[in-house]
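In what follows, residues are counted from 1 in the order of the sequence shown. Note that the structure is a prediction, hence the values are computed from the model and not measured.
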Amino acid sequence: EVNKLSDMLLQSLYDYHFANNGGSYTLPKAMLNADVNSKAAIEHLIENEYAVDSGQGSDNLVLAITPKGMDYITNK
């Protein structure tokens with residue numbers, strides 16, 4: 001369940017990256033905390049270095065796909 005969701009989220013980050021000139025996706029942390037599965041999926045992406053969160057210290061998660069995440073998407 002979490003892996004499937006992680007793959008979907010990573011694909012979304014991949015698409016968002018190219019649609020927005022490499023932009024990061026911003027998500028309110030409160031929204032994330034309301035959904036345990038999404039939270040676990042995003043933590044999985046960050047732990048595996050497929051995505052990074054540059055929103056530490058704020059109320060938002062600021063997610064961007066990493067080169068490792070792009071390789072994963074293009075090779076699956």
Which atom pairs, donor and acceptor, lie under 3.5 Å between side-chain atoms of residues 23-30 and protein residues at least two apart or in another chain?
| unit_1 | atom_1 | unit_2 | atom_2 | d |
| --- | --- | --- | --- | --- |
| K29 | NZ | S58 | O | 3.1 |

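- Hydrophobic clustering (side-chain heavy atoms under 4.5 Å, transitive across Ile, Leu, Val, Met, Phe, Trp, Tyr) keeps L61 apart from V2.
- The CG atom of L13 sits 8.5 Å away from the CD1 atom of I73 when rounded to the nearest 0.5 Å.
- At most 12 heavy atoms of other shown residues, nucleotides or ligands fall within 6.0 angstrom of atom CG in D59.
- Legend: residues meeting side-chain hydrogen bond (donor to acceptor under 3.5 Å, both in side chains) with D7, ordered by chain and number and at least two apart, are Y72.
- Within a 6.0 Å sphere centred on CG of N21, heavy atoms belonging to other residues, nucleotides or ligands number 12 at most.
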Could you pull out every donor-acceptor pair under 3.5 Å between side chains of residues 42-56 and any protein atom, sequence neighbours left out?
| unit_1 | atom_1 | unit_2 | atom_2 | d |
| --- | --- | --- | --- | --- |
| H44 | ND1 | N48 | ND2 | 3.2 |
| H44 | NE2 | N48 | ND2 | 3.4 |
| N48 | ND2 | H44 | O | 2.8 |
| D53 | OD1 | G55 | N | 2.8 |
| D53 | OD1 | V62 | N | 3.0 |
| Q56 | NE2 | D53 | O | 3.0 |

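- The line from NE2 of H17 to CG of L10 is 11.5 Å long, rounded to the nearest 0.5 Å.
- The two atoms that bring L9 and S38 nearest to each other are CD1-O, 4.3 Å, heavy atoms only.
- To the nearest 0.5 angstrom, N60 atom CG is 10.0 Å from M31 atom CE.
- Within a 6.0 Å radius of NZ in K76, other residues, nucleotides and ligands contribute more than 12 heavy atoms.
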